[in-house]
Q: 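Take this structure, written in structure tokens, and hold onto it; I'll ask about it next.
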Amino acid sequence: NKTIEIEGDKSLSIRWALLASQAIGKSTSTNLLKSQDVLNTIDCLRKLGVKIILNKEKCEIFGLGINGFNYKKNITLNAGNSGTLARLIMGLLAHSKSKIKIIGDNSLSKRDFLRVSKPLEKFGATIKTNYGKLPLTILGSKNPRPIKYIEDRGSAQCKSAIMLAALNTKGETIIKAKKSRDHSELLFKYLGIPIKVNKKTNHDLITINGKTKITSFNYKIPSDISSSAFFIALTALTKNSKLRIKNVNVNPSRIGLIKILKKMGGKISIKNKGIEGNEQIGDIEVKSSKLNGVKVPKKYSASMIDEYPILCVAASIAKGKTKMLGIEELRFKESDRIKVMSDGLKLAGIKTHEESDSLEIEGKFNVKGGI
């Protein structure tokens, strides 16, 4: 019976840093995740002329205002392994005054960047990619123009890159976006940026009026649901266990795993609900559970894209079959997550069956280790 607190949410840590760089004056955050992806974000912003003080307790970013980056010519930004950083920072660089090169590690360099470069070119930016991949160079437009764009992949990164480009563009940018995580929209609203979000059944209509000044802001970053997911599953699968995880970001677009584990028989509840910086937060309470296999429909995929691997582990110990549908996007992440999980579980003696967009797992209680 334990209580733990997990480090800050990665999606929000990166977004906070990028938006704080566009505010005027000192913004402070507590509980910033100090993972490599976030440290790379800070490193890239420093190269763009932003003063940042990072210590154990807090992070202070001295923003230069919208389009206020101040840097030497021909700089190279290294996004490391972070697709979120590489794609979102491109949105802020759609107005760069000189050419900027973006590179990443081997894994990131295999991923698709056309989904971001195409809409940003509509603003007037000039982007040269390596056959749609990294390394790429970006040169901003002197007279960027607002755009109308249909984002039909359900990619929060693509949507957010367009939103950040719209922030620095005079006039009204309209995005018709397939449903995905809405952290950027909530943060824009929190900062008083003129944004309208009209939620339809299958998409959101997002309208942004650019060139608005952002005042510096303080932000307590809630704990990361994706990191919490491992402890949630572990507790549910362990006998005589009870765990409370404090102040977790329980944004409805992120809690697909909790909904599915509850369907499987997981004893999970959210207590002490509140709002922090427009995000819903709460304490997640988990108890030992007997899990049964279920069908996981496609509609859950966007809200648990990072949690499918740990769901695969839970499914392998649950009673009966679990089938996950509509998960082809998992093949295009840092690795082909469907294949990796299927191969690993087979080595542990679990029967799996994968297709291009689905994975079926036959649970059994005694899983062999030592592999």
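Residue indices begin at 1 and follow the sequence shown. Computed from a predicted structure; not experimentally measured.
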Q: Does K133 come within less than 4.0 Å of D112, counting only side-chain N to carboxylate O?
A: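 Between D112 and K133 there is no salt bridge, as every charged N stays at least 4.0 Å from the carboxylate O atoms.
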Q: Under the side-chain hydrogen bond (donor to acceptor under 3.5 Å, both in side chains) criterion, do N247 and E5 qualify, and how do the steps go?
A: CA-CA 7 Å; N247 302 321; E5 191 150 1; 3.1 Å; yes
Q: Does D204 come within less than 4.0 Å of K200, counting only side-chain N to carboxylate O?
A: no
Q: Taking C-beta and beyond as the side chain, do T129 and S117 meet within less than 4.5 Å on heavy atoms?
A: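 T129 reaches S117 side chain to side chain.
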Q: Looking at every heavy atom in both L64 and G49, which two are closest together, and how far apart are they?
A: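 The pair with the smallest heavy-atom distance is CD1-O, 3.5 Å.
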Q: Using the ring-ring contact (aromatic ring centres under 6.0 Å, His included) rule, collect all pairs that involve residues 112-149, keeping only residues at least two apart or in two chains.
A: none
Q: Going hydrophobic residue to hydrophobic residue with side-chain gaps under 4.5 angstrom, can you get from L167 over to L186?
A: no
Q: Please output the side-chain donor-acceptor pairs of residues 227-238 that fall under 3.5 Å, not counting sequence neighbours, one pair per line with the distance.
A:
unit_1: S228; atom_1: OG; unit_2: D224; atom_2: O; d: 2.7
unit_1: T235; atom_1: OG1; unit_2: F231; atom_2: O; d: 2.7
unit_1: T238; atom_1: OG1; unit_2: L234; atom_2: O; d: 2.5

Q: Less than 4.5 Å apart, side chain to side chain, heavy atoms only: is that true for I24 and K213?
A: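 Heavy-atom side-chain distance check passes, below 4.5 Å.
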Q: Got more than 12 heavy atoms from elsewhere within 6.0 Å of CG, N55?
A: yes
Q: Decide if atom NZ of K99 counts as having more than 12 heavy atoms of other residues, nucleotides or ligands within a radius under 6.0 Å.
A: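 No, because the 6.0 Å sphere around NZ of K99 holds 12 heavy atoms or fewer from other groups.
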Q: Under 4.5 Å between any side-chain heavy atoms of S29 and K58, yes or no?
A: no
Q: Hey, any chance V248 and I14 share a hydrophobic cluster, counting ILVMFWY side chains that come within less than 4.5 Å of each other, even indirectly?
A: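 Not linked; separate clusters.
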Q: Please tabulate, one pair per line, all N/O donor-acceptor pairs under 3.5 Å involving side-chain atoms of residues 152-165, not counting sequence neighbours.
A:
unit_1: S155; atom_1: OG; unit_2: Q157; atom_2: N; d: 3.4
unit_1: S155; atom_1: OG; unit_2: C158; atom_2: N; d: 3.1
unit_1: Q157; atom_1: OE1; unit_2: R87; atom_2: NH1; d: 2.5
unit_1: Q157; atom_1: NE2; unit_2: T84; atom_2: OG1; d: 3.1
unit_1: K159; atom_1: NZ; unit_2: S180; atom_2: OG; d: 3.1
unit_1: K159; atom_1: NZ; unit_2: R181; atom_2: O; d: 2.9
unit_1: K159; atom_1: NZ; unit_2: E185; atom_2: OE2; d: 2.8
unit_1: S160; atom_1: OG; unit_2: R15; atom_2: NH2; d: 3.3
unit_1: S160; atom_1: OG; unit_2: A156; atom_2: O; d: 2.7
unit_1: S160; atom_1: OG; unit_2: S184; atom_2: OG; d: 2.6

Q: Without hydrogens or angle criteria, can the side chains of D105 and N81 be said to hold a donor-acceptor pair below 3.5 Å?
A: yes
Q: Output every pair passing ring-ring contact (aromatic ring centres under 6.0 Å, His included) with a member in residues 30-86, not counting sequence neighbours, ordered by first then second residue.
A: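 Output for this query is empty, none listed.
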Q: Between S342 and T352, do the side chains contain an N or O donor and an N or O acceptor separated by less than 3.5 Å?
A: yes
Q: Any side-chain heavy atom of S223 within less than 4.5 Å of one from N31?
A: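 When only atoms from C-beta onward are counted, N31 and S223 do touch, with a gap below 4.5 Å.
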Q: Go through M304 and L311 one step at a time and tell me if the side chain to side chain contact (heavy atoms under 4.5 Å, CB included) criterion holds.
A: CA-CA 9 Å; M304 54 187 282; L311 177 63; 3.4 Å; yes
Q: Quick one: list whatever passes salt bridge (charged side-chain N to carboxylate O under 4.0 Å, His left out) with K290, sequence neighbours left out.
A: none
Q: Decide, yes or no, whether a salt bridge links D9 with R254 under the criterion of side-chain N to carboxylate O below 4.0 Å.
A: yes
Q: At their closest point, which heavy atom of I61 faces which heavy atom of A17, and how far apart are they?
A: CD1-CA, 3.7 Å
Q: Is there a path of hydrophobic side-chain contacts, each under 4.5 Å between heavy atoms, that joins I281 and I225?
A: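 As far as the 4.5 Å side-chain criterion goes, I225 and I281 are not connected within one cluster.
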Q: Could you state the interatomic distance from CG (L18) to CG (L187), rounded to the nearest 0.5 Å?
A: 10.0 Å
Q: For K34, does the NZ atom have more than 12 heavy-atom neighbours from other residues, nucleotides or ligands under 6.0 Å away?
A: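 Atom NZ in K34 is crowded, with more than 12 foreign heavy atoms closer than 6.0 Å.
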Q: Can you confirm whether more than 12 heavy atoms, excluding those of I4, are under 6.0 Å from its CD1 atom?
A: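 Buried by this count: over 12 neighbours within 6.0 Å.
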Q: If I compare all heavy atoms of P309 with all of M341, which pair ends up nearest, and what's the gap?
A: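 Residues P309 and M341, closest heavy atoms: O-CE, 3.2 Å.
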Q: So do L261 and L257 actually touch side chain to side chain, heavy atoms under 4.5 Å?
A: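 Sidechains of L261 and L257: in contact.
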Q: With sequence neighbours excluded, what pairs up with K73 under the side chain to side chain donor-acceptor pair (under 3.5 Å) test?
A: none
Q: Flag the pair K199 / D182 as yes when at least one side-chain heavy-atom distance between them is below 4.5 Å, and no otherwise.
A: yes
Q: Are L345 and V340 connected in a single hydrophobic cluster, I mean Ile/Leu/Val/Met/Phe/Trp/Tyr linked by side-chain heavy atoms less than 4.5 Å apart?
A: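 Unlinked, V340 and L345 end up in two clusters.
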Q: Which value, rounded to the nearest 0.5 Å, describes the distance between L243 atom CG and I245 atom CD1?
A: 4.5 Å
Q: For residues 318-330, which side-chain donor-acceptor pairs fall under 3.5 Å, sequence neighbours excluded?
A:
unit_1: T322; atom_1: OG1; unit_2: V294; atom_2: N; d: 3.4
unit_1: E329; atom_1: OE2; unit_2: R115; atom_2: NH1; d: 3.4

Q: Will you find, in the side chains of N251 and S253, an N or O donor that is under 3.5 Å from an N or O acceptor?
A: yes
Q: Of the non-hydrogen atoms in S13 and L32, which two are nearest, and what is the gap between them?
A: CB-CD1, 3.7 Å
Q: With distance as the sole test, does S241 use its side chain to make a donor-acceptor pair with the main-chain N or O of K239 at under 3.5 Å?
A: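 It does hold such a pair.
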Q: State, to 0.1 Å, how close V367 and S316 come at their nearest heavy-atom pair, and which atoms those are.
A: CG2-O, 4.1 Å
Q: Name the residue from R145, H95, K211 that meets the side chain to side chain donor-acceptor pair (under 3.5 Å) definition with T169.
A: H95
Q: Please identify each residue that fulfils side chain to side chain contact (heavy atoms under 4.5 Å, CB included) with K259, with sequence neighbours left out.
A: I255, Y300
Q: At their closest point, which heavy atom of A79 faces which heavy atom of L85, and how far apart are they?
A: CA-CD2, 3.8 Å
Q: Are side-chain heavy atoms of S98 and N74 found at a separation under 4.5 Å?
A: no
Q: Which residues pass the side chain to side chain donor-acceptor pair (under 3.5 Å) test with D357, sequence neighbours left out?
A: none
Q: What I'd like to find out is whether the side chain of I103 reaches to under 4.5 Å of the side chain of L136, using heavy atoms alone.
A: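 No - every pair of side-chain heavy atoms lies 4.5 Å or more apart.
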Q: Going through the distances and angles, do E307 and S226 end up as a side-chain hydrogen bond (donor to acceptor under 3.5 Å, both in side chains)?
A: CA-CA 6 Å; E307 287 77 51; S226 300; 2.6 Å; yes
Q: Applying the 4.5 Å side-chain criterion to the ILVMFWY set and letting contacts propagate, would I102 and L139 be lumped into a single cluster?
A: no
Q: Between atom CD1 of I284 and atom CZ of R244, what is the distance when rounded to the nearest 0.5 Å?
A: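 Between atom CD1 of I284 and atom CZ of R244 there are 11.0 Å.
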Q: Atom CG of L45 and atom CD of Q22: how far apart are they, to the nearest 0.5 Å?
A: 8.5 Å
Q: So, does S141 use its side chain to make a donor-acceptor pair with the main chain of N143 at under 3.5 Å?
A: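 Yes, because the side chain of S141 sits within donor-acceptor range (under 3.5 Å) of the backbone of N143.
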Q: Enumerate donor-acceptor pairs with a distance under 3.5 Å from any side-chain N or O in residues 264-277 to protein atoms, sequence neighbours excluded.
A:
unit_1: K271; atom_1: NZ; unit_2: E285; atom_2: OE1; d: 3.1
unit_1: N272; atom_1: ND2; unit_2: D283; atom_2: OD2; d: 2.9

Q: Which pairs pass ring-ring contact (aromatic ring centres under 6.0 Å, His included) with one or both residues in residues 180-212, sequence neighbours excluded?
A: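 Sorted pair list: Y190-Y219.
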Q: Kindly write out the residues that satisfy side chain to side chain donor-acceptor pair (under 3.5 Å) with R331, not counting sequence neighbours, or none if the list is empty.
A: D336, E354
